[in-house]
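The structure under discussion appears below in the form of structure tokens.
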Number of protein chains: 2
Amino acid sequence: MTTMLEVAKRAGVSKATVSRVLSGNGYVSQETKDRVFQAIDESGYRPNLLARNLATKRTQTLGLVVTNTLYHGVYFSELLFHAARMTEERGRQLILADGKHSAEEEREAIQYLLDMRCDAIIIYPRFLSVDEMDAIIQDHSQPVMVLNRRLRKNSSHCVWSDHIASSEAAVTQLIKLGHRDIAFITGSLDSPTGIERLSGYKAALAQHQIPLRESLIVEGKWNPASGAAGVSTLLARGETFSALVASNDDMAIGAIKQLHESGIATPAAVSVIGFDDVAIAPYIVPSLSSVRVPVTEMIKETISRLIFMLDGGDFTSQQNFAGELILRDSVVAGPHR
Amino acid sequence: MTTMLEVAKRAGVSKATVSRVLSGNGYVSQETKDRVFQAIDESGYRPNLLARNLATKRTQTLGLVVTNTLYHGVYFSELLFHAARMTEERGRQLILADGKHSAEEEREAIQYLLDMRCDAIIIYPRFLSVDEMDAIIQDHSQPVMVLNRRLRKNSSHCVWSDHIASSEAAVTQLIKLGHRDIAFITGSLDSPTGIERLSGYKAALAQHQIPLRESLIVEGKWNPASGAAGVSTLLARGETFSALVASNDDMAIGAIKQLHESGIATPAAVSVIGFDDVAIAPYIVPSLSSVRVPVTEMIKETISRLIFMLDGGDFTSQQNFAGELILRDSVVAGPHR
DNA sequence: TTGTATGCGTTATCAG
DNA sequence: CTGATAACGCATACAA
């Protein structure tokens with residue numbers, strides 16, 4: 001690998017001068033500039049970012065840690081797509097670290113990004129507790145933002161969506177349309193999101209004095225297979241229901257498949273509480289209700305805040321700007337019988 | 001950030017010693033070892049990977065560049081999932097660079113990974129020509145592997161799947177089952193994969209003396225919407241067909257939806273030429289045929305070769321090990337009418 | 001406008 | 001077993 005020193009020699013200048021023309025900092029005459037560029041072309045020189053970053057103490061990278069368990073399906077793709085795009089629009093690079101499937105591994109992933117000296121970090125947590133993340137934020141000088149979780153202390157460092165409210169809204173829709181027997185496939189119940197969506201369901205029932213029937217609830221694992229299994233379980237229990245809510249798009253897909261295979265045509269109603277506007281299930285059964293979680297907007301807000309902090313912005317002194325961001329899901333109920 | 005020097009002072013030793021206990025290289029007495037570890041704990045020291053990598057000239061990272069246009073849908077997620085998992089299993093970190101949507105941007109992404117001094121690089125190309133990649137491989141000392149493309153010169157540096165053969169096999173299946181009017185939704189025709197799958201279709205027809213009807217072919221863009229649009233176009237043309245082949249899973253999903261909406265129930269047959277075993281379409285219409293592209297295996301082979309090269313392995317001197325890897329798709333034809 | 005010198009945080013080579 | 005000290009490749013304050 002040819003280094004800056006070699007370029008300098010070839011151009012008959014010093015390293016410092018080469019560094020100047022490359023960074024654009026400091027004055028340098030047009031002619032030496034030309035000589036340097038020529039030397040660069042001839043030698044095929046490429047800057048060593050490790051060295052540059054070490055010297056400048058900034059890497060121009062944002063780190064993102066996401067659990068392995070999300071690495072399936074459309075949701076993750078979209079999340080990553082928008083995160084990468086927006087990061088690059090701000091002239092930075094996104095570095096992805098795999099949070100795998102445990103709190104310990106999530107910690108390690110964060111630590112890796114920190115050790116790599118990412119300028120800032122985005123955490124889309126799955127196993128880490130809110131308290132631990134609050135601690136992480138305070139222990140480190142790098143800006144940290146947490147996606148999809150509501151922090152207690154550093155409330156300006158998180159962007160979340162009110163899953164309880166949106167789930168409740170979706171179920172309420174069904175109730176208003178006359179449904180009483182509404183089955184519910186939860187997400188993993190070791191995940192806050194899963195728990196929140198379930199409690200939204202319960203809240204809606206309670207609100208309308210509909211007795212809760214535990215047998216109508218079945219726990220899924222966010223993936224299509226568990227959605228299908230959920231339906232099987234419900235049927236095996238001998239339950240009947242005129243509507244079914246799956247806690248995410250993937251499980252809805254699986255549920256639909258299983259209903260089909262069990263000889264049940266499109267159910268009276270299947271309301272999907274899904275992610276973003278790219279949910280596939282409504283694509284299959286157009287009459288499907290679904291909730292749109294605005295990931296795109298959430299990521300945009302997250303990255304904006306990070307960049308703002310990197311530029312020296314301080315949220316504690318800007319309480320009015322946004323103390324706590326709450327993005328509410330919107331419920332779109334399609335026509336169903 | 002506390003540095004190694006501070007740890008050294010606190011432990012009453014030199015930087016060198018601290019470095020030794022951390023790397024495990026060189027002898028160091030148990031007691032000083034203990035003192036150092038204690039100092040590390042007390043100070044909350046964390047190594048600066050930029051500095052370490054600069055000094056060692058190795059980053060323990062594999063770079064992966066993938067186009068933006070793939071950042072949607074399940075295929076990308078799976079690709080990334082397996083790549084990340086296997087990389088970490090080998091004790092390395094995967095760094096993803098966005099190839100965006102042009103040859104120039106693909107080049108920049110590769111260059112970035114090179115500048116970051118990734119130990120090796122995986123390219124999943126979309127716009128770059130085979131010749132250019134052959135050139136890239138020869139111009140750089142870092143090991144480079146190309147996924148899903150057949151290189152001319154560095155044939156041991158690529159892992160690909162025979163899309164023509166698998167597409168042909170899928171269509172042949174339909175023909176054997178009695179179909180004559182088989183519609184085909186291609187992928188983007190500026191992509192080699194798209195072209196290859198189309199030629200497989202044509203080859204199958206030719207093989208069975210079925211005249212090619214251009215009006216049964218419509219160009220898609222790999223996404224669900226274009227699959228739906230493709231069906232619309234076919235119907236608008238007044239075409240009738242008893243089978244339809246979509247060049248990937250996403251377009252198949254869109255096609256199914258549009259067929260539904262057009263009042264056409266599950267068609268006589270829809271054969272999906274899809275990716276990996278996570279195709280969603282067959283999940284919706286169980287009778288669907290599909291082709292499985294073994295991405296998992298392909299990535300595994302790719303990474304294995306990369307690591308092998310990093311360990312000093314040389315393929316030119318190991319012709320017998322594997323001159324050129326060809327993974328053939330397997331066709332699974334389900335029952336259809 | 002340009003060069004010199006020093007620092008960034010580690011690793012690695014030699015002495016001791 | 002341990003400690004100076006020189007790289008690693010680049011940026012930058014300070015001189016000139």
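- Between the S23(A) side chain and the N25(A) main chain, a donor and an acceptor come within less than 3.5 Å of each other.
- In this structure S43(B) satisfies the side-chain hydrogen bond (donor to acceptor under 3.5 Å, both in side chains) test with no other residue, sequence neighbours excluded.
- For H140(B), the side chain to side chain contact (heavy atoms under 4.5 Å, CB included) criterion is met by L114(B), I136(B), Q142(B), not counting sequence neighbours.
- Taking a heavy-atom distance under 4.0 Å as the criterion, the stretch of DNA chain D touched by chain A extends 5' to 3' from dG9(D) to dA13(D).
- Applying the salt bridge (Lys or Arg N to Asp or Glu O under 4.0 Å) rule to pairs touching residues 80-96 of chain A yields R85(A)-E89(A), E88(A)-K100(B), sequence neighbours excluded.
- Between its two ends, the helix from dT1(C)-dA16(D) to dG16(C)-dC1(D) turns its axis by 40°, counting five pairs per end and rounding to 10 degrees.
- D41(B) meets the side chain to side chain contact (heavy atoms under 4.5 Å, CB included) test with no other residue; sequence neighbours excluded.
- Only Y45(A), listed by number, bring a heavy atom of residues 37-45 of chain A to less than 4.0 angstrom from any atom of DNA chain D.
- In terms of the side-chain hydrogen bond (donor to acceptor under 3.5 Å, both in side chains) criterion, residue partners of D119(B) (sequence neighbours excluded) are, by chain and number, T59(B).
- Backbone-only contact: R46(B) has heavy atoms under 4.0 Å from sugar-phosphate atoms and none from a base.
- Close to dG9(C), at under 4.0 Å from its OP1 or OP2, lies a side-chain N or O of K57(A).
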Just the atom pairs and distances: protein N or O near nucleotides 2-5 of chain C's N or O, under 3.5 Å.
from   : atom 1 : to     : atom 2 : distance (Å)
dT2(C) : OP1    : S29(A) : OG     : 3.0
dT2(C) : OP1    : T32(A) : OG1    : 3.2
dT2(C) : OP2    : S29(A) : N      : 2.8
dT2(C) : OP2    : T32(A) : OG1    : 2.9
dG3(C) : OP2    : S14(A) : N      : 3.0
dG3(C) : OP2    : S14(A) : OG     : 3.2
dG3(C) : OP2    : T17(A) : OG1    : 2.6
dG3(C) : N7     : R20(A) : NH1    : 3.4
dG3(C) : N7     : R20(A) : NH2    : 3.2
dG3(C) : O6     : R20(A) : NH2    : 2.2

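- Without hydrogens or angle criteria, H157(A) side chain to V144(A) main chain gives a donor-acceptor distance under 3.5 Å.
- In terms of heavy-atom proximity, V7(B) sits nearest to A39(B) at O-CB, 3.8 Å.
- Across all strands shown, N25(A) has heavy atoms under 4.0 Å from sugar-phosphate atoms exclusively, and none from any base.
- Residue pairs meeting the salt bridge (Lys or Arg N to Asp or Glu O under 4.0 Å) criterion with at least one member in residues 44-57 of chain A, sequence neighbours excluded: R46(A)-D115(B).
- Rounded to whole Å, atom C1' of dA12(C) lies 15 Å from atom CG of L22(B).
- Remark: the S102(A) side chain and the E105(A) side chain contain an N/O donor-acceptor pair separated by less than 3.5 Å.
- In this structure, L5(B) places its CG atom 14 Å from C1' of dT11(C), rounding to the nearest Å.
- Listed pair T3(B) / dT10(C) meets the phosphate criterion, a side-chain N or O lying under 4.0 Å from OP1 or OP2.
- Each salt bridge (Lys or Arg N to Asp or Glu O under 4.0 Å) pair with one or both residues in residues 131-140 of chain B, not counting sequence neighbours, appears once here: R107(B)-E132(B).
- Under the salt bridge (Lys or Arg N to Asp or Glu O under 4.0 Å) criterion, the residue pairs touching residues 10-21 of chain B are R10(B)-E42(B), with sequence neighbours excluded.
- Remark: the backbone N or O of L151(A) is not paired with any side-chain donor or acceptor of S155(A) at under 3.5 angstrom.
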